[in-house]
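Nothing here was measured: the structure is a model prediction, and the numbers come from that model. Counting from 1, the numbers follow the sequence of the chain as shown.
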Amino acid sequence: MKPQKSTRSRGVVLSSVGLKRLQAAILAMEVAENYGQRLTLEKLGERMNISTKTLSRLLSLDTGVDQKTLKLCFSAFNLELNPQDYTILNEADKVQASQLISLNLHKQKTDLYQSLVLDSFVNEQADQFESFWPYPDGPVPLDSPLYIERPPLEELVYREIIQPGCVIRIKAPRQMGKSSLVLRLLAFAQKQGYRTANWNCYQIDSESLTNLNKLLRGFCWHIARELGIDPNLNEMWDEEIGCKLSSSFYLQSYLLKQITSPVVLVLNEVDRFFEYPHIAQEFFALLRSWCEEAQQNPNWQKLKLVVVYSTEEYATLNINRSPFNIGLPIRLGEFTQQQIEDLARRHGLNWNSSKESSQLMSFVGGHPALIRISLYFLCSQEMTLQEMMEEAIANGGIYRYHLWRLWLQLQEKPTLAKTYGQLIKSQRSTYVNPIETYKLDSLGLIRFEGDRIIPSCELYRAYFGKQLSTIV
């Protein structure tokens, strides 16, 4: 009599808790590693190290698998299999498992993966998806999949930063992505073995901006601290020779002499200096002298400057008084339609055509911050695109803080506000003198369409048209 063949026990099915955890892990991985695009069963099977047949059995919820297979699937997404993640499927539990299936299945088995793993998660659990992406405020973190590269800018700054004694000037209106680019530039520099220091000019006391000696002492003290060096200012500072020579000597013969690797110094928000024209002229002239020294002095060649500024404050200055005419100029522009569609995919939005991206772009342009805010609220499903636009036209909606800041800027410059109001009201080409054109462009309020100057986007036309109607 032949011995009976042993049958492999397939005794567990996913519970509702386990299914929910696996769904979330798969979606998070697709967003982080696959730009939000869905993986096929074959790709998922390869990641879990199981066959597509076994994966289909697992996702069907009506056929058991062994516990070892289930543990393998969970570990592929760095999940630990817990007792509440599965139900033991035996003769006594088949009725209970059948009830569990009826609660979780919304489509036929052939469409199960799409409905349960993705559509069910995005459409029925929007609150979980919203919490997955933080509100877009500030720079995009280094490990975020939501950073959109803008070729060739990244390549240009990476190539320039390895040059001895280089200067990079990154200029754009606020919320255009300057800080996100600087984060990546610093990370690249650190990978090259460079030391880095970051100085935000809005941390400077107002008193220091009226006293050059105090400003330069604070500047040198901050750099030393950032580099982990004892400032030792009192010993190294010589009041007899003046603060400019003292600061130059301090950097060259004290700080840079102690460091063998190059130093990347980021000066952030230098717009602050433009409120103090005399200090600005002295300080930036000193920076330029250091850059010129780098042409012949190896010690100064270690210093690499990255100057970051918004152009908004230029609206209060004469355009011809800008001291920024050295180094590599980088100006951040708006996103293209292709980049907006790419970012929408990374947010998990299933836009089947270019209709949605065209509609959004015509409303807010390619402004990075406005696009990020839009996609955040769209993927959290708090509103549709149409509802979002209607509310924004009425009272600013989700963009109100951005709009209020620009409105305050215009209120401080009545002549400029009146010019902008006339430009919005006019349906034909309107002459705007070059200085006011420069100022409006610096604020990000206009764009150029051939010979015409028009509002940057429909949002600005609608909102500021209403706000400025009383003064035009």
Parallel, tilted or perpendicular, as decided by the 30° and 60° cut-offs, for the rings of Tyr158 and Phe188: parallel
Nearest-0.5 Å distance that lies between atom SG in Cys291 and atom CG in Leu305: 5.0 Å
Donor-acceptor contact present, side-chain Asn82 to main-chain Gln84, <3.5 Å: no
Distance flag, aromatic centroids of Phe219 and Phe283, threshold under 6.0 Å: yes
Pair Glu155 + Arg159: basic N to acidic O under 4.0 Å: yes
Minimal non-hydrogen separation, Phe273 against Cys201, with atom names: CE1-SG, 3.5 Å
Trp300 and Trp290 aromatic ring geometry - parallel, tilted or perpendicular at 30°/60° bounds: parallel
Test item: Lys302 and Ser261 side chains (from C-beta on) under 4.5 Å apart, heavy atoms: no
Non-hydrogen side-chain atoms of Leu19 and Asp85 separated by less than 4.5 Å: no
Point-to-point distance, once rounded to the nearest 0.5 Å, from OG1 of Thr336 to CE of Met361: 6.5 Å
Over 12 non-hydrogen atoms of neighbours within 6.0 angstrom of OH in Tyr401: no
Any side-chain donor near an acceptor of the partner, Ser357 and Glu341, under 3.5 Å: yes
Separation of Lys178 NZ from Ile330 CD1 (nearest 0.5 Å): 13.5 Å
Side chains of Phe377 and Tyr135 in contact at under 4.5 Å (non-hydrogen atoms): yes
OH on Tyr460 to NE2 on His367, rounded to 0.5 Å: 4.5 Å
Validation row: Val306, Val264 side chains within 4.5 angstrom (heavy atoms): yes
Minimal non-hydrogen separation, Asn395 against Lys466, with atom names: N-NZ, 4.3 Å
Short side-chain to backbone donor-acceptor contact, Asn200 and Tyr202, under 3.5 Å: yes
N-O pairing of Glu269 and Arg272 below 4.0 Å: no
Approximate separation, where rounding is to 0.5 Å, of Leu468 CG and Gln411 CD: 9.0 Å
Contact summary for Glu154 and Glu149, nearest pair of heavy atoms: OE2-CA, 3.3 Å
Gap separating the CG atom of Leu14 from the CZ atom of Arg21, nearest 0.5 angstrom: 10.5 Å
Note, Leu443 side chain near Tyr420 side chain (heavy atom, < 4.5 Å): no
Side chain Ser456, main chain Ile446, donor-acceptor under 3.5 Å: yes
Of Leu55, Thr54, Val12, Asn49, the residue whose pairing with Thr69 passes side-chain contact (heavy atoms from CB on, under 4.5 Å): Thr54
Close side-chain approach of Ile161 and Cys166, heavy atoms under 4.5 Å: yes
Basic-acidic side-chain contact under 4.0 Å: Arg331, Asp441: yes
From Leu183, Ile223, Leu186, residue fulfilling side-chain contact (heavy atoms from CB on, under 4.5 Å) relative to Asn198: Leu186
Member of Gln339, Arg346, Gln338 meeting the side chain to side chain donor-acceptor pair (under 3.5 Å) criterion with Asp342: Arg346
For Leu375 against Ala344, the heavy-atom pair lying closest together: CD1-N, 3.8 Å
pair Leu215-Leu209: side-chain heavy atoms closer than 4.5 Å: yes
Side-chain donor or acceptor of Lys171 paired with backbone N/O of Val308 under 3.5 Å: no
Residue pair Tyr250 / Pro231, side-chain heavy-atom distance below 4.5 Å: yes
Whether over 12 other heavy atoms sit under 6.0 Å from Trp407 CH2: yes
Arg184 to Tyr147, cation-pi by 6.0 Å centre distance and 45° axis angle: yes
